[in-house]
Amino acid sequence: MKSEPSAYGIDDLQREKTTIWDGVRNYQARNILGEMEKGDLAFFYHSNCKPPAIVGLMEVIETNIVDPTQLDRTSPYFDAKATPEKPRWHTVKVKFTEKFAQPLSLETLKQTFNPDDFLVVKKGNRLSVMPVNNTVAQEILLLIRA
DNA sequence: GCCAACGTTGGC
DNA sequence: GCCAACGTTGGC
């Protein structure tokens, strides 16, 4: 799950302990959020920064949450087409689990994984939420613990 | 339903 | 700041 650290980074999550992952306005990403289950683990990825990297781990603690920002006129994520009766955007609540001592940079990820196995290193992929298969996830954790 | 124009993401 | 690679919008 991506976020720009200037907007909301791993340190913010560590301080707040939990957060609703709001602001996702891409249907494909929303659908992936919709498939998440309580107890799922997710990597926190810092995008649009130097260096882009996986910086920590989170746990999904609540699913199928109506993203409140879609109904908030003052929010940059306000969606005029959404109503309380028919919201368009759902998301999850996550809990801080871990901030990695060493971020795992995109450069390293590219050197380690095949684009066909890991969407994050696939060219042109701008999704802010992406599935990670179990094999890749385990290898990432091994790299982190090494 | 097509597609040009436009907007956004995000690495570099 | 640039620009490739998307996604969305809206006229037709």
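Small disclaimer: the values here were computed from a predicted structure and weren't measured. In what follows, chains are A, B, ... by sequence order, proteins preceding strands, each numbered from 1.
Atom-to-atom distance recorded for A:Leu141:CG and A:Gln138:CD is 6.0 Å, nearest 0.5 angstrom. In this structure, the separation between CD on A:Gln70 and OH on A:Tyr77 is 13.5 Å, given to the nearest 0.5 Å. Note that CD of A:Glu139 is 8.5 Å distant from CG of A:Asn133, once rounded to the nearest 0.5 Å. Here the CZ-CG distance, from A:Phe118 to A:Asn114, works out to 12.0 Å after rounding to the nearest 0.5 Å. Atoms NZ and OH, on A:Lys2 and A:Tyr45 in that order, are 6.0 Å from each other to the nearest 0.5 Å. Atom CD1 of A:Ile140 sits about 11.5 Å away from atom CZ of A:Arg145, to the nearest 0.5 Å.
Along DNA chain C, the nucleotide nearest A:Asn48 and the nucleotide nearest A:Leu127 are compared for position; the residue whose nucleotide lies closer to the 5' end is A:Asn48. Between A:Gly124 and A:Lys81, the one whose closest nucleotide on DNA chain C sits nearer the 5' end is A:Gly124.
Straight-line distance from the NZ atom of A:Lys122 to the C1' atom of B:dT9: 18 Å, rounded to whole Å. The distance from atom CG of A:Asn125 to atom C1' of C:dA5 is 10 Å, rounded to the nearest whole Å. Computed from coordinates, the A:Met130 CE to B:dG11 C1' distance equals 12 Å when rounded to whole Å. Here the P atom of nucleotide B:dT9 and the OH atom of A:Tyr45 are 15 Å apart, to the nearest Å. Atom pair A:Ile54:CD1 and B:dG10:C1' shows a separation of 16 Å (rounding to whole Å applied). A straight line from NE2 of A:His46 to P of B:dT9 spans 17 Å, rounded to a whole angstrom.
Judged purely by distance below 3.5 Å, without hydrogens or angles, the side chains of A:Arg126 and A:Ser47 never pair a donor atom with an acceptor atom.
Across all strands, A:Lys50 comes closer than 4.0 Å to no nucleic acid atom at all (heavy-atom distances).
Side-chain nitrogen and oxygen atoms of A:Lys123 include at least one within less than 4.0 Å of the OP1 or OP2 phosphate oxygen of C:dA5. The side chain of A:Lys2 places an N or O atom within less than 4.0 Å of a non-bridging phosphate oxygen (OP1 or OP2) of B:dG10.
Shown for residues 26-34 of chain A: residues whose heavy atoms fall under 4.0 angstrom of DNA chain C, namely A:Asn26, A:Tyr27, A:Gln28.
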